[in-house]
Amino acid sequence: MATKSKGYLKIHDTVELTLRGLTVWAYTKRGKLLGRVDINRAGLKAYVGKKSNKVLGNMSWKDLFERLEK
């Protein structure tokens with residue numbers, strides 16, 4: 001049986017990305033941690049695992065948009 005998932009992110013302001021940047025955490029409906037994505041001026045870095053300490057990917061903005069273009 002297929003599961004339905006919902007996600008929300010609403011930002012009305014411009015956010016200046018610094019070296020510290022911002023972090024987006026992902027959880028299941030029951031509160032289990034799925035992972036996190038760190039977003040800063042250098043690019044994106046995704047983590048998974050029980051404590052979100054295993055690096056899934058790390059790419060610069062240039063690399064990200066080159067991949068999306070393909």
Side-chain angles (χ1 to χ4, degrees):
M1 184 171 174
T3 60
K4 294 182 181 180
S5 61
K6 295 180 183 179
Y8 303 95
L9 177 63
K10 186 183 270 188
I11 299 175
H12 293 283
D13 296 324
T14 301
V15 177
E16 181 180 351
L17 294 175
T18 62
L19 277 178
R20 184 174 180 131
L22 61 102
T23 302
V24 178
W25 296 86
Y27 294 91
T28 65
K29 288 182 181 179
R30 294 192 170 116
K32 181 182 174 189
L33 177 65
L34 294 173
R36 76 177 197 263
V37 178
D38 290 339
I39 305 167
N40 62 32
R41 66 182 181 198
L44 303 170
K45 194 169 191 179
Y47 298 88
V48 293
K50 290 182 180 181
K51 297 181 182 179
S52 287
N53 55 4
K54 181 180 176 185
V55 178
L56 183 63
N58 183 9
M59 64 180 74
S60 69
W61 291 108
K62 180 183 175 189
D63 294 340
L64 173 69
F65 285 101
E66 284 177 355
R67 269 194 178 180
L68 291 173
E69 189 177 43
K70 291 181 181 180

With the side chain counted from C-beta on, respond yes when W25 and L33 share a heavy-atom pair under 4.5 Å apart, and no when they do not. yes
Before you tell me yes or no, could you show the steps for R20 and N40 under side chain to side chain contact (heavy atoms under 4.5 Å, CB included), namely the whole-Å CA-CA distance, both residues' side-chain angles and the distance that decides it to 0.1 Å? CA-CA 6 Å; R20 184 174 180 131; N40 62 32; over 6 Å; no
List the atom pairs, with distances to 0.1 Å, where a side-chain N or O of residues 62-70 and a protein N or O form a donor-acceptor pair under 3.5 Å, not counting sequence neighbours.
| from | atom 1 | to | atom 2 | distance (Å) |
| --- | --- | --- | --- | --- |
| D63 | OD2 | S60 | OG | 3.4 |

For a quick test of reading the model, state the closest non-hydrogen atom pair linking G35 to S52 and the distance between them. CA-OG, 3.4 Å
Restricting to side-chain contact (heavy atoms from CB on, under 4.5 Å), what partner residues turn up for I39, sequence neighbours left out? L17, L22, V24, V37, L44, W61
Nearest-0.5 Å distance, CE of residue M59 to NZ of residue K45: 12.5 Å
Evaluate the side-chain proximity of D38 to T23: yes if any heavy-atom separation is below 4.5 Å, no if none is. yes
